[in-house]
Amino acid sequence: MDFYDLMSRSAEDVGLQLSKEQYEKFIDYMKLLQEWNEKINLTAIVDDEGIIKKHFIDSIKAFKRDEFKSASNLIDVGTGAGFPGLPIAIMRADLNVTLLDSLNKRVNFLNTVINRIGTSNVATIHSRAEDGAKDINLREKFDIATSRAVANMSVLSELCLPYVKVGGNFIALKGPSVDQEIVESTNAVKILGGELLEICEISIEDTELKHNLVVVKKIAKCPKAYPRKAGLISKNPIK
């Protein structure tokens, strides 16, 4: 399979061009992911095709939303092995991207990738999402907070919306069935200063996969009480 052609088509679908240099960064990223995955658990998807379709292209598809094209800074909360934040940073070198994760081993991996591929627009932070959101340097400082497959929308809204400045957006990358989650998170989103703007369906080239971008506009400041302490958020989601 011609992965460059596949990724180029995916990028064009969301109005971007994939250069050879960018593609080479993705290939280096993939090799490091496979290499490190033998030492620490980063992903269950380890084959070339799976990584390219289910991680890289899935992340690039975020650009279906123009917010990702116009934002000046972004935080990826609970980034794990760097998705979607690092592919977004590769595609937009003028966007300041912060990758936040609670596990130091994953942050070390991300720093290795960043140094290897030379993405100077990316910073990493080793922190729990709940703690980072209380930091005055991070709280309500970002045009976009994004997250992929970390938790349900009620929990995720409490973890992510405190990072978003008023007028910015929290955009979650979710699987195919989000309707029930959206309903259950309505009150949480409202309490945290958000408003559901749109659910945008995306498809991945050469697969049957259908995913969703859930777009929440930040319309008011987040109350100081949120996010609550670690453990409380997932045990007692805002109803």
Side-chain angles (χ1 to χ4, degrees), residues 58-59 62 65 67-68 71 73-85 88 96-104 106-107 110 123-200 211-239:
D58 188 48
S59 298
R65 296 295 308 185
E67 291 90 344
F68 285 98
N73 66 356
L74 170 153
I75 186 165
D76 181 9
V77 179
T79 187
F83 307 115
I88 287 170
N96 289 315
V97 172
T98 299
L99 306 176
L100 182 139
D101 200 85
S102 63
L103 201 63
N104 204 38
R106 288 196 287 252
V107 173
L110 294 168
T124 58
I125 294 177
H126 173 224
S127 171
R128 293 188 71 97
E130 303 91 329
D131 300 333
K134 299 286 190 185
D135 183 336
I136 55 164
N137 297 309
L138 300 173
R139 190 176 179 88
E140 297 189 324
K141 291 288 191 283
F142 294 90
D143 295 329
I144 295 175
T146 190
S147 194
R148 189 180 82 147
V150 169
N152 67 49
M153 278 300 291
S154 290
V155 171
L156 212 48
S157 296
E158 188 169 351
L159 295 175
C160 293
L161 273 167
Y163 289 99
V164 183
K165 60 177 74 163
V166 174
N169 295 277
F170 158 44
I171 305 178
L173 281 71
K174 302 295 288 183
S177 47
V178 290
D179 296 350
Q180 190 59 32
E181 272 191 55
I182 298 296
V183 171
E184 289 169 1
S185 68
T186 304
N187 201 40
V189 167
K190 189 177 174 184
I191 286 169
L192 294 157
E195 178 182 68
L196 180 68
L197 203 60
E198 199 175 340
I199 301 165
C200 179
H211 289 173
N212 291 285
L213 299 170
V214 181
V215 186
V216 176
K217 187 86 176 169
K218 182 79 173 278
I219 58 169
K221 276 189 167 293
C222 184
K224 284 200 173 112
Y226 300 102
R228 293 166 293 160
K229 285 197 173 116
L232 276 178
I233 299 175
S234 50
K235 278 184 197 153
N236 284 316
I238 302 169
K239 293 279 195 276

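Throughout, numbering of the chain's residues begins at 1 and tracks the sequence. Side chains included, hydrogens not; waters and symmetry mates left out as well; all remaining heavy atoms used. Treat the numbers as computed from the prediction; the structure is a model and nothing was measured.
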Validation row: [X], [Y] side chains within 4.5 angstrom (heavy atoms):
X: K221; Y: V166; answer: yes
X: L161; Y: Y226; answer: no
X: L173; Y: T146; answer: yes
X: R228; Y: N236; answer: yes

Is a side-chain donor or acceptor of [X] paired with a backbone partner of [Y] at a separation under 3.5 angstrom?
X: N169; Y: I171; answer: no
X: K141; Y: I136; answer: yes
X: N212; Y: V214; answer: no
X: K134; Y: R139; answer: no
X: K217; Y: G168; answer: no

Please find the pair of heavy atoms, one from [X] and one from [Y], that lie closest to each other, and give the distance.
X: A172; Y: L156; value: CB-CD2, 4.0 Å
X: C160; Y: V77; value: SG-CB, 3.8 Å
X: S157; Y: V189; value: OG-CG2, 3.5 Å

(message) To the closest 0.5 Å, what do you measure between CG (N73) and CG (D143)?
(response)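 Spacing of CG (N73) from CG (D143) equals 4.5 Å.
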
(request) Can you run down the salt bridge (Lys or Arg N to Asp or Glu O under 4.0 Å) pairs that involve residues 187-199, sequence neighbours left out, and say none if there aren't any? (result)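 Qualifying pairs: R65-E198.
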
